[in-house]
Engineer: 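Below are the structure tokens for one structure; questions will follow.
Chain letters run A, B, ... following the sequence lines, proteins first and then strands; every chain starts at 1.
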Amino acid sequence: MEQQTKNLIVGAVETLAQATGIKVVYKANVPKTGNVYPDGFVRIDYKNMHWDFAIQTKVRVTRATVAIEKTQPTLPGHDRILVTEYATPPMADLMRQIGLLFMDTAGNAYINKPPLYIFIKGNKRPENLKPAPIKRLFKPAGLKVVFALLNNPQMVDWPYRQVAAVTDVALGTVDWIFRDLKEMGFLVEMGGRKRKITNPLPLLKRWVEAYPEQLRPKLGIERFKADDPNWWKNVDIADYNACWGGEVAAAKITKQLKPEKVIIYAPEPPGKLIIEKKLRKTATGDIEILKPFWKFDHKLIHLGIAPPLLIYADLMATGDDRNIETAEIIYDNYLAQPDRHDR
DNA sequence: ATAGGGTGCTAACAGTGCCG
DNA sequence: CGGCACTGTTAGCACCCTAT
């Protein structure tokens, strides 16, 4: 385990013990569990009871992180706890609401094992602890490249210049990204100019966590409002050189969801659509129009549907229960088998 | 063997956004 | 509003591979 991870856990455990007066001990991994929980366990003693929580570490927590952790399978008989650097008050609330146990290095925590109940939020990030820098891989340019790679696995073997051209990123950037991928164990050189993405699903999840924070806000979001809540139902969006994302896209491919918010990806503002459907521009509108950041073709584009990975990410980023359920279905149907080429 | 272009890589530069 | 940190691009260099 990396030293950084270990420091994180030790820091959080000490802070929680100090703040509550409860006995909290960190146990590094025991061989029996293999590498299912490589970060080990925390044991909490309370009155004459004790619990062992399997640790999942995340340096930072966002709504997408919470959504992903919630859908992560657990070993039977093991409670899990998320250990993080710092949970903001809204994230603490969200984790409690979703039922995700956590503790951070600032002394915030949610632990609910009756009769033991701890919920602490609002402790500030320690002064001396500045947030860990984000790798280039998860910055806007990196996220564009990784998105293309995840959707087109064969692209790892392309020359850097070609990757740069397709992803609208500079040549030098591609090198940064590939180096990060190698360093983090997501890419290996096979020799003979062959490369391979390893651990595509963990990479996918990291992408989903970073996308809403780093790339999405840069996509020139414009918000609109419509009078008729069902205005989108009979629109063939492909006619407008655009595609549905988020809840509408999910509703169309899963037939599960009743969309409340509308996300449209369009390279140009779809003036015709806006006029025909009488969409009004307003800062609080629940219709978002944003610019796509991919150029490759994919299976659903002809139906006016964004790539499934993007739909999944937009759903997870809402942190909404129903959306997370639907996102799971999309994950199982479109994303879980990385070797399928028909995505 | 050699020329030439393609490829990976690097460091300096520029643009951006953030914070006081 | 101005300085500062950081991200991403540009330009150029060295090392291949390939065709003649």
Side-chain angles (χ1 to χ4, degrees), chain A residues 2 4 8 58-65 84-91 105-106 122-200 203-223 265 267-269 283 288-296 307 309-310 313 317:
Chain A
E2 291 171 44
Q4 197 194 350
L8 181 61
K58 289 279 173 180
V59 175
R60 45 171 52 81
V61 177
T62 65
R63 286 203 302 282
T65 311
T84 183
E85 210 170 76
Y86 171 63
T88 61
M91 286 306 114
T105 58
N123 280 342
K124 299 233 162 29
R125 173 190 289 281
E127 288 287 339
N128 54 359
L129 184 86
K130 50 177 191 272
I134 297 171
K135 305 226 90 172
R136 273 173 136 94
L137 189 51
F138 300 115
K139 290 288 179 182
L143 290 172
K144 281 205 242 177
V145 176
V146 173
F147 185 71
L149 287 174
L150 288 170
N151 281 280
N152 308 279
Q154 76 284 1
M155 199 184 276
V156 277
D157 286 331
W158 291 10
Y160 285 9
R161 280 169 176 77
Q162 213 172 330
V163 174
V166 168
T167 55
D168 270 331
V169 132
L171 173 61
T173 302
V174 177
D175 180 62
W176 281 114
I177 305 316
F178 275 51
R179 244 186 293 172
D180 274 359
L181 283 171
K182 276 179 239 173
E183 193 188 308
M184 298 182 70
F186 290 123
L187 185 148
V188 287
E189 299 279 356
M190 309 288 283
R193 238 167 241 204
K194 287 283 177 189
R195 294 179 279 255
K196 190 174 186 304
I197 294 283
T198 50
N199 307 317
L203 177 60
L204 182 150
K205 295 196 167 170
R206 296 291 300 268
W207 189 89
V208 170
E209 286 178 49
Y211 166 71
E213 313 296 318
Q214 296 295 324
L215 179 52
R216 199 176 196 281
K218 314 269 178 176
L219 300 177
I221 305 171
E222 297 201 67
R223 287 176 212 283
Y265 290 90
E268 306 295 332
E288 289 183 331
I289 302 184
L290 39 168
K291 301 220 181 310
F293 54 94
W294 67 94
K295 284 199 208 158
F296 54 84
L309 174 52
L310 187 53

Engineer: Rounded to whole angstrom units, what separation is found between the CG atom of A:D175 and the P atom of C:dA14?
Structural biologist: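 My rounded result for the distance is 17 Å.
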
Engineer: Taking side chain to side chain donor-acceptor pair (under 3.5 Å) as the test, write out the residues that go with A:K291, two or more places apart.
Structural biologist: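 By the side chain to side chain donor-acceptor pair (under 3.5 Å) rule, A:K291 matches no residue at all.
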
Engineer: Could you work out, with ring-ring contact (aromatic ring centres under 6.0 Å, His included) as the rule, every residue matching A:Y265, not counting sequence neighbours?
Structural biologist: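 Here the qualifying residues are A:W294.
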
Engineer: Whole-Å distance between C:dC16 P and A:Y160 OH?
Structural biologist: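 Interatomic distance, OH of A:Y160 to P of C:dC16: 15 Å.
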
Engineer: Got a sec, which residues hit side-chain contact (heavy atoms from CB on, under 4.5 Å) with A:D180, two or more places apart in sequence or on another chain?
Structural biologist: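 Only A:K135, A:R136, A:L137, A:E183 meet the side-chain contact (heavy atoms from CB on, under 4.5 Å) criterion with A:D180.
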
Engineer: Expressed as a whole number of angstroms, how long is the span from A:I177:CD1 to B:dG8:C1'?
Structural biologist: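 One finds 15 Å between C1' of B:dG8 and CD1 of A:I177, rounded.
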
Engineer: Please give, in whole Å, the distance from B:dT7 P to A:D157 CG?
Structural biologist: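 These atoms are roughly 13 Å apart.
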
Engineer: Are any protein N/O atoms closer than 3.5 Å to N/O atoms in nucleotides 3-5 of chain B? If there are, list each pair with its distance.
Structural biologist:
none

Engineer: A:T84: what forms a side-chain contact (heavy atoms from CB on, under 4.5 Å) with it, not counting sequence neighbours?
Structural biologist: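 Applying side-chain contact (heavy atoms from CB on, under 4.5 Å) to A:T84 gives A:V61, A:A87, A:D104.
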
Engineer: Just to be sure I understand the geometry, which residues of residues 208-220 of chain A put a non-hydrogen atom under 4.0 Å away from DNA chain B?
Structural biologist: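 Output list: empty, so none.
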
Engineer: A:A210: which residues meet the side-chain contact (heavy atoms from CB on, under 4.5 Å) condition with it, sequence neighbours left out?
Structural biologist: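 Residues passing side-chain contact (heavy atoms from CB on, under 4.5 Å) with A:A210: A:F138, A:L143.
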
Engineer: Can you name the residues that form a side-chain contact (heavy atoms from CB on, under 4.5 Å) with A:P89, not counting sequence neighbours?
Structural biologist: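 Per chain and number, A:P89 pairs via side-chain contact (heavy atoms from CB on, under 4.5 Å) with A:Y86, A:K121.
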
Engineer: Set out, line by line, the N/O atom pairs under 3.5 Å between protein and nucleotides 5-12 of chain C.
Structural biologist:
unit_1, atom_1, unit_2, atom_2, d
C:dG8, OP1, A:A141, N, 3.2
C:dG8, N7, A:R136, NH2, 2.5
C:dT9, OP2, A:A170, N, 3.0
C:dT9, OP2, A:T173, OG1, 2.6

Engineer: Please list, chain by chain and in numerical order, all residues satisfying ring-ring contact (aromatic ring centres under 6.0 Å, His included) with A:F293, sequence neighbours excluded.
Structural biologist: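 With neighbours one apart ignored, the set is A:F147, A:Y211.
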
Engineer: Which residues satisfy the side chain to side chain donor-acceptor pair (under 3.5 Å) test with A:Q162, sequence neighbours excluded?
Structural biologist: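 For A:Q162, no residue satisfies side chain to side chain donor-acceptor pair (under 3.5 Å) once neighbours in sequence are set aside.
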
Engineer: Quick one, A:V163 and A:V169 - any side-chain contact, counting heavy atoms below 4.5 Å?
Structural biologist: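 A:V163 does not reach A:V169 side chain to side chain.
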
Engineer: Using side chain to side chain donor-acceptor pair (under 3.5 Å) as the criterion, list what pairs up with A:R179, not counting sequence neighbours.
Structural biologist: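 In terms of side chain to side chain donor-acceptor pair (under 3.5 Å), with neighbours along the sequence ignored, A:R179 is linked to A:D175.
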
